[in-house]
Enquirer: 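Can you read through this structure? Questions will come right after.
Atoms considered below: every heavy atom in the structure, side chains included; atoms not considered: hydrogens, waters and symmetry mates. Protein chains get the first letters and strands the later ones, always in sequence-line order, with residue 1 at the start of each.
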There are 2 protein chains.
Amino acid sequence: MNVDQALELLKDQGYKYTGKREEMIRVIAKEKRYMSAKEILDYMKPDYPNISFDTIYRNLSLFTELHILEETEFNNERKYRFSCAHKDHHHHLICLRCGKTKHLKLCPLDGLLGNPDDFTITDHKFEIYGYCQQCE
Amino acid sequence: MNVDQALELLKDQGYKYTGKREEMIRVIAKEKRYMSAKEILDYMKPDYPNISFDTIYRNLSLFTELHILEETEFNNERKYRFSCAHKDHHHHLICLRCGKTKHLKLCPLDGLLGNPDDFTITDHKFEIYGYCQQCE
DNA sequence: CTCTTTGCAAAACATTTGCATGCCT
DNA sequence: AGGCATGCAAATGTTTTGCAAAGAG
């Protein structure tokens, strides 16, 4: 999904266009990495000095609901991190320092032969952590 | 590792034996599932009415450091479980409601052909979430 | 006796909510 | 105009820290 499609989706679902929403999506799309709410806020402060955490959080969860963003946690931080969603199911290598991501086509669930009979699978997480070249 | 080995390890490392530490380890070992700090606290309240979150958290992070416990997060909460006897590298199916786990031999990293050259892998996480028979 | 562990209280921190005002459509 | 979006302030919930008292070796 690109920025324009995301904005289109918002509009289609009856949500309003605001400059803040657009900038939030643009920043996260441009960075191509998992960002914390605080990082996103700091990015927007220059353009919107009064912007508050509420707006960031409210929009982050809206975007996540609409599958515009993906959410994860790592580094034991009680912090959500967000990045742009893609259509295809995929997983990530994630840099523990800067949050940068690399895509991974491999999905380990493909190696499983359907549901175990005593457990209903609803979701899964496969992430590889480490350090990218710049952060090494 | 079993409970006695865990207590032994504590002693060997110069940490003191206390009834609270023992009960914490016993409870988590007995439950065989991921528990939150609050769940552990509630379990111990009857025996130690004055026990506080500080003690729980301080001991949880000590135990995790010593690899007596494993740590993960889901449902937006950090959870801990007793690190079981399995020496082998493994992953889990985890019940999102009760935290119960099932072992999984499959490790997706085995399907990867070594390190990508621009990313140093240090760690990974593969967890399957869903609901166990009782919680369904 | 000495050093660790604990409880208490309060701080730190990320996140959420109520309410009144402001802005998109 | 009408309803969603936002800022402010305050609440929530989890985890952490400083300090003095209690407990283990």
Side-chain angles (χ1 to χ4, degrees), chain A residues 6-28 34-66 68-69 71-82 99, chain B residues 6-28 34-66 68-69 71-80 99:
Chain A
L7 294 171
E8 192 68 26
L9 179 61
L10 270 181
K11 193 177 150 195
D12 289 352
Q13 303 283 328
Y15 295 101
K16 302 202 165 153
Y17 163 86
T18 68
K20 284 164 209 177
R21 282 184 174 162
E22 176 170 350
E23 178 157 344
M24 278 185 66
I25 294 176
R26 281 198 190 286
V27 162
I28 300 168
Y34 280 97
M35 304 177 73
S36 66
K38 185 171 184 326
E39 284 173 321
I40 296 165
L41 183 86
D42 291 341
Y43 255 92
M44 306 198 48
K45 272 270 177 63
D47 291 324
Y48 299 96
N50 289 328
I51 195 167
S52 60
F53 266 115
D54 334 72
T55 301
I56 300 289
Y57 281 117
R58 273 189 282 235
N59 283 334
L60 285 177
S61 59
L62 174 63
F63 298 158
T64 304
E65 247 170 63
L66 297 178
I68 292 173
L69 298 185
E71 185 181 317
T72 193
E73 314 127 37
F74 54 87
N75 278 343
N76 269 349
E77 286 170 25
R78 177 144 290 265
K79 240 193 259 181
Y80 297 110
R81 319 272 298 220
F82 299 85
Chain B
L7 294 171
E8 193 68 24
L9 179 61
L10 270 181
K11 193 177 151 196
D12 289 352
Q13 302 283 328
Y15 297 100
K16 301 201 167 156
Y17 163 86
T18 69
K20 285 164 209 178
R21 283 185 174 160
E22 176 170 352
E23 179 159 340
M24 278 186 66
I25 293 176
R26 283 198 189 286
V27 162
I28 301 168
Y34 280 98
M35 305 177 74
S36 66
K38 186 171 184 325
E39 283 174 319
I40 296 165
L41 183 85
D42 292 341
Y43 255 92
M44 306 198 47
K45 272 271 177 62
D47 291 324
Y48 300 96
N50 290 327
I51 196 167
S52 60
F53 265 116
D54 334 71
T55 301
I56 300 290
Y57 281 116
R58 275 189 281 234
N59 284 334
L60 284 177
S61 59
L62 173 63
F63 297 159
T64 304
E65 247 170 62
L66 297 178
I68 292 173
L69 298 185
E71 187 180 318
T72 193
E73 317 121 36
F74 53 88
N75 286 342
N76 279 346
E77 244 186 327
R78 220 181 275 181
K79 312 255 185 170
Y80 302 84

Enquirer: Supply the atom-to-atom distance B:Tyr43 OH to B:Ile56 CD1, rounded to the nearest 0.5 angstrom.
Expert: 13.0 Å

Enquirer: Please report the distance, rounded to the nearest Å, between CZ in B:Phe63 and P in C:dT5.
Expert: 10 Å

Enquirer: Hey, which sits more toward the 5' end of DNA chain D by its nearest nucleotide, A:Tyr48 or B:Ser61?
Expert: A:Tyr48

Enquirer: Look up atom CD in A:Glu23 and atom CD1 in A:Ile40, then write down how far apart they are to the nearest 0.5 Å.
Expert: 11.0 Å

Enquirer: So does B:Arg78 get a side-chain nitrogen or oxygen closer than 4.0 Å to the phosphate oxygens (OP1/OP2) of D:dT14?
Expert: no

Enquirer: Can you tell me the distance, in whole Å, between the CD1 atom of B:Ile51 and the P atom of C:dC8?
Expert: 11 Å

Enquirer: When the nearest nucleotide of DNA chain D is assigned to B:Lys16 and to A:Ile56 on a heavy-atom basis, which residue is associated with the more 5' position?
Expert: A:Ile56

Enquirer: Show the distances under 3.5 angstrom between N or O atoms of the protein and N or O atoms of nucleotides 9-11 of chain C.
Expert:
unit_1 : atom_1 : unit_2  : atom_2 : d
C:dA9  : N6     : B:Asp54 : OD2    : 2.6

Enquirer: Pick base, sugar-phosphate or nothing for B:Arg58, based on heavy-atom distances below 4.0 Å to the nucleic acid.
Expert: base

Enquirer: Phosphate oxygens OP1/OP2 of D:dG7: is one of them under 4.0 Å from a side-chain N or O of A:Thr55?
Expert: yes

Enquirer: Both B:Thr18 and A:Tyr57 contact DNA chain C. Which one's nearest nucleotide lies toward the 5' end?
Expert: B:Thr18

Enquirer: Take atom CG of B:Leu62 and atom P of C:dT6, then tell me their distance rounded to the nearest Å.
Expert: 9 Å

Enquirer: Are B:Lys79 and B:Glu77 close enough for a salt bridge, meaning some N to O gap below 4.0 Å?
Expert: yes

Enquirer: Using whole Å, report how far CZ of B:Phe53 lies from C1' of D:dG13.
Expert: 9 Å

Enquirer: Mind checking whether A:Ile28 and A:Phe63 have side chains closer than 4.5 Å, heavy atoms only?
Expert: no

Enquirer: To the nearest Å, how far apart are A:Glu73 CD and D:dT14 P?
Expert: 14 Å

Enquirer: Using atom OH of A:Tyr17 as one end and atom P of C:dC24 as the other, report the distance to the nearest whole Å.
Expert: 9 Å

Enquirer: So, A:Arg21 side chain and A:Lys16 main chain: donor-acceptor pair closer than 3.5 Å or not?
Expert: yes

Enquirer: Relative to the 5' end of DNA chain C, which residue comes earlier, B:Tyr15 or B:Asn50, by the nucleotide with the nearest heavy atom?
Expert: B:Tyr15

Enquirer: Output yes when a side-chain donor or acceptor of A:Thr64 lies under 3.5 Å from a complementary backbone atom of A:Leu60, and no otherwise.
Expert: yes

Enquirer: Give a yes/no answer on whether the side chain of B:Lys11 brings an N or O atom under 4.0 Å of OP1 or OP2 in D:dG25.
Expert: no

Enquirer: Give the C-alpha distance, both sets of side-chain angles, the deciding distance and a yes or no for side-chain contact (heavy atoms from CB on, under 4.5 Å) between A:Lys11 and A:Tyr17.
Expert: CA-CA 7 Å; A:Lys11 193 177 150 195; A:Tyr17 163 86; over 6 Å; no

Enquirer: Would you mind reading off the distance between A:Leu60 atom CG and C:dA14 atom P, rounded to a whole angstrom?
Expert: 14 Å

Enquirer: Let me know the distance between CD of B:Glu39 and C1' of D:dT14, rounded to the nearest Å.
Expert: 14 Å

